[in-house]
K.L.:
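Below is one structure. I have some questions about it.
The model shown is predicted, which means the values in this text are computed figures rather than measured ones.
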Amino acid sequence: MSTNGSNGAEVTPRKLWFGFLTSAVAWSTLGCLDILVTWRACQHQESFGIPAPHPGVRLLYGLLAVALFVVSIWSGITSYRNWRRLSAQKDFIEAQGVERREFMAVLGVIITVTLGMGIIWLAPPPIFLDICWRAR
């Protein structure tokens with residue numbers, strides 16, 4: 001077992017699963033929100049020639065994207081702390097998932113980095129571009 005004394009006991013399964021899954025859920029939620037906002041906002045514009053959606057839609061989408069990004073970062077910090085408590089290694093570059101809990105912590109950090117970047121790439125277009133123009 002590669003835990004550092006009693007610090008490994010502080011890492012509960014709940015913390016491990018939070019760090020492992022939360023970024024993926026945040027990214028998926030933003031993707032579904034993007035589809036829902038685009039579909040709902042553009043449905044009437046295409047059918048009836050109504051002007052572009054209310055600017056509040058962009059603001060709401062942007063605020064939700066920022067909130068989901070913050071939650072994603074929080075899960076990454078939690079995963080990193082879990083890894084620090086569980087691992088005997090000093091550098092994350094040399095991290096190894098020797099046991100299941102350590103592997104989940106390392107993978108939680110990797111998932112947060114990749115899907116956090118996905119949130120950064122997914123959020124700006126609906127904020128800066130016309131939502132319906134982007135959907136065409």
Side-chain angles (χ1 to χ4, degrees):
M1 195 163 157
S2 65
T3 59
N4 287 336
S6 64
N7 288 339
E10 296 174 7
V11 178
T12 62
R14 186 175 184 166
K15 286 182 183 179
L16 281 172
W17 284 105
F18 175 79
F20 183 73
L21 288 177
T22 304
S23 288
V25 170
W27 180 75
S28 300
T29 302
L30 186 63
C32 291
L33 181 66
D34 182 44
I35 292 169
L36 182 66
V37 165
T38 303
W39 172 69
R40 192 68 189 138
C42 300
Q43 182 181 15
H44 292 295
Q45 184 178 13
E46 293 294 323
S47 299
F48 304 111
I50 297 173
H54 192 275
V57 172
R58 289 183 181 179
L59 180 64
L60 179 64
Y61 182 83
L63 291 175
L64 288 173
V66 168
L68 290 171
F69 184 67
V70 168
V71 168
S72 179
I73 289 183
W74 182 23
S75 78
I77 291 170
T78 301
S79 289
Y80 182 74
R81 287 180 181 166
N82 290 342
W83 175 77
R84 291 300 307 151
R85 288 185 183 118
L86 293 170
S87 178
Q89 308 236 328
K90 295 188 188 251
D91 293 328
F92 189 77
I93 299 296
E94 300 172 5
Q96 296 178 1
V98 178
E99 62 178 45
R100 182 187 67 85
R101 294 174 1 141
E102 192 175 338
F103 178 74
M104 284 181 70
V106 169
L107 199 56
V109 173
I110 293 169
I111 289 171
T112 298
V113 169
T114 55
L115 295 183
M117 289 302 293
I119 290 173
I120 290 173
W121 281 104
L122 187 61
I127 296 170
F128 296 113
L129 300 175
D130 180 20
I131 293 172
C132 298
W133 177 78
R134 186 180 65 94
R136 289 184 197 153

K.L.:
Taking atom CG of N82 and atom CE of M104, what is their separation to the nearest 0.5 Å?
P.N.:
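Separation between the atoms: 9.0 Å.
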K.L.:
Kindly say whether E10 contributes a backbone atom to a donor-acceptor pair with the side chain of R85 at under 3.5 angstrom?
P.N.:
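Not a single qualifying donor-acceptor pair exists.
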K.L.:
Output the rest of the hydrophobic cluster of I35: all Ile, Leu, Val, Met, Phe, Trp and Tyr residues reachable through side-chain heavy-atom contacts under 4.5 Å, sorted by chain and number.
P.N.:
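In the cluster with I35 there is nothing else; it is isolated.
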K.L.:
Would you tabulate the side-chain donor-acceptor contacts of residues 63-77 under 3.5 Å, counting partners in other chains and residues two or more places apart, or write 'none'?
P.N.:
residue, atom, partner, partner atom, Å
S72, OG, S23, OG, 2.9
S75, OG, S23, OG, 2.8
S75, OG, S72, O, 2.8
S75, OG, T112, OG1, 3.4

K.L.:
To the nearest 0.5 Å, what is the distance between OG (S28) and CG (L115)?
P.N.:
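Between atom OG of S28 and atom CG of L115 there are 7.5 Å.
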K.L.:
Find out whether F18 and R14 are in side-chain contact, i.e. whether some heavy atom of one side chain is under 4.5 Å from a heavy atom of the other.
P.N.:
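The answer is no; the side chains never approach within 4.5 Å.
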K.L.:
Atom OH in Y61, atom CG in L36: separation rounded to 0.5 Å?
P.N.:
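So the gap between those two atoms works out to 11.0 Å.
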K.L.:
Using modelled atom types only, decide if a donor and an acceptor are shared between the side chain of T22 and the backbone of G19 within a distance under 3.5 Å.
P.N.:
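Judged by distance alone, no pair lies under 3.5 Å.
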K.L.:
With clusters defined by side-chain heavy atoms of hydrophobic residues (ILVMFWY) lying less than 4.5 Å apart, directly or transitively, does V25 cluster with W27?
P.N.:
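No, W27 does not connect to V25 through the hydrophobic network.
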K.L.:
Between R101 and L86, which heavy-atom pair has the shortest distance, and what is it?
P.N.:
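That closest heavy-atom pairing would be NH2-CD2, 2.9 Å.
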K.L.:
Quick one: closest heavy-atom pair of I111 and T114, and the distance?
P.N.:
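For I111 versus T114, the nearest heavy atoms are O-OG1, 3.1 Å.
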K.L.:
Which word best sums up how the rings of Y80 and W83 line up, parallel for under 30°, tilted for 30 to 60°, or perpendicular for over 60°?
P.N.:
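Y80 vs W83 ring planes: tilted.
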